[in-house]
Amino acid sequence: MNDNGIGGLRRLDVNVTPDTVAAIEFDAETIAGAVRRLADEVVRDLAGEPFVLLGVLKGALFFTADLARALPTNVDATIDFIAVSSYGRADRSSGEVRLLKDTSESVEGKNVVIVEDIVDNGLTLQYLQRLVGGRNPASLRTCALLDKPYRRRVDVPVDYIGLTAPDTFIVGYGLDYQEKYRNLPYLARLHDWAFAGEGRE
Ligand code: PRP
């Protein structure tokens, strides 16, 4: 280990914004503030009960991690992940959601908080609520960092919402475009020319 960074690797400048980024919609500080508020709301409602944060991969990877770390240390919380993907990226209207990875632990009898990065048309969250809700959890809540309520195609309840997203395609903090940009520490809009053809899903 030396001053160049982790494991002796030379650390690149993390502050360089990719050329493809047109604007930062929510910076890291704004995201952190929303995450802290959501953690407070979850803890307030669960009032001393043990609960499971069920992160939805891949998008909610960082959000789940940060939400968990924003909880008071004496909270009885566990973390699990589920991975889903919408069938046919170009045509999500079918509403078919594919289960890529199930939970590691049973949710039966547990208080579950589904943790999503974004609720767009709502089909993914609806699928998850039906799936998890059908497994007899003690309670089921939903928490999303980002919401696009004006895009909703199904009426799905979201108990905790961090930020209302603009009506534009955004990447970063777990959200991708063709699997890229998830690692950005902020939420950003891309230049139109950054999209290779169609299929921004
Ligand atoms: C994204 C996002 C949500 C879902 C929201 O996941 O992470 O899970 O879409 O969209 P909806 O409300 O319109 O259903 P995606 O299927 O792109 O997978 P990813 O999380 O691995 O990027």
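A quick note: this is a predicted structure, and the numbers were derived from the prediction, not measured. Just follow the structure's listing: the first ligand is 1, and inside any ligand the first atom is 1.
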At a 4.0 Å threshold, what atoms of ligand 1 neighbour a non-hydrogen atom of [X]?
X      : answer
Asp176 : 22 (O)
Ser85  : 16 (O)
Lys58  : 19 (P), 20 (O), 21 (O)
Glu116 : 3 (C), 7 (O), 8 (O)
Ile118 : 2 (C), 3 (C), 5 (C)

Polar contact flag for [X] and ligand 1 (N/O pairs, less than 3.5 Å):
X      : result
Gly59  : yes
Asp120 : yes
Val56  : no

Quiz prompt | Pair Thr20, Tyr181: side-chain N/O donor-acceptor within cut-off below 3.5 Å | solution =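 A donor-acceptor contact under 3.5 Å links the two side chains.
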Practice problem: Check the side chains of Asn111 and Ser139 for a donor-acceptor pair under 3.5 angstrom, ignoring hydrogens and angles. | Solution: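 Result is yes, a qualifying pair exists.
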Quiz item: Applying the 4.5 Å side-chain criterion to the ILVMFWY set and letting contacts propagate, would Leu100 and Leu131 be lumped into a single cluster?
Solution: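 No, because Leu100 and Leu131 fall into different hydrophobic clusters, even though each may have its own neighbours under 4.5 Å.
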Quiz item: Can you find a non-hydrogen atom of Leu125 under 4.0 Å from ligand 1?
Solution: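 It does not, in that no heavy atom of Leu125 comes within the 4.0 Å cut-off of ligand 1.
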Quiz prompt | Close approach, Arg182 and ligand 1, non-hydrogen under 4.0 angstrom | solution =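 Arg182: in contact with ligand 1 (<4.0 Å).
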Quiz item: Applying a 4.0 Å heavy-atom criterion (strictly less than), which segment of Arg151 is in contact with ligand 1: side chain, backbone, both, or neither?
Solution: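 Looking at Arg151 and ligand 1, no heavy atom falls under 4.0 Å.
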Quiz item: Sequence neighbours excluded, which residues qualify as side-chain hydrogen bond (donor to acceptor under 3.5 Å, both in side chains) partners of Arg135?
Solution: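 Only Asp102 meet the side-chain hydrogen bond (donor to acceptor under 3.5 Å, both in side chains) criterion with Arg135.
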Quiz item: Is the shortest distance from a Lys or Arg side-chain nitrogen in Asp66 or Arg69 to a carboxylate oxygen in the other one below 4.0 Å?
Solution: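 Looking at Arg69 together with Asp66, the answer is yes, because their closest N to O distance falls below 4.0 Å.
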Quiz item: Got a salt bridge between Arg182 and Asp176, using NZ or NE/NH1/NH2 to carboxylate O under 4.0 Å?
Solution: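 Salt bridge present between Arg182 and Asp176.
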Exercise. List for me each residue that meets salt bridge (charged side-chain N to carboxylate O under 4.0 Å, His left out) alongside Glu105, sequence neighbours excluded, and say none if there are none.
Key: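 None.
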Practice problem: I would like to know whether Val56 and Leu128 meet side-chain contact (heavy atoms from CB on, under 4.5 Å); could you show each step before the answer? | Solution: CA-CA 9 Å; Val56 184; Leu128 289 166; 3.6 Å; yes
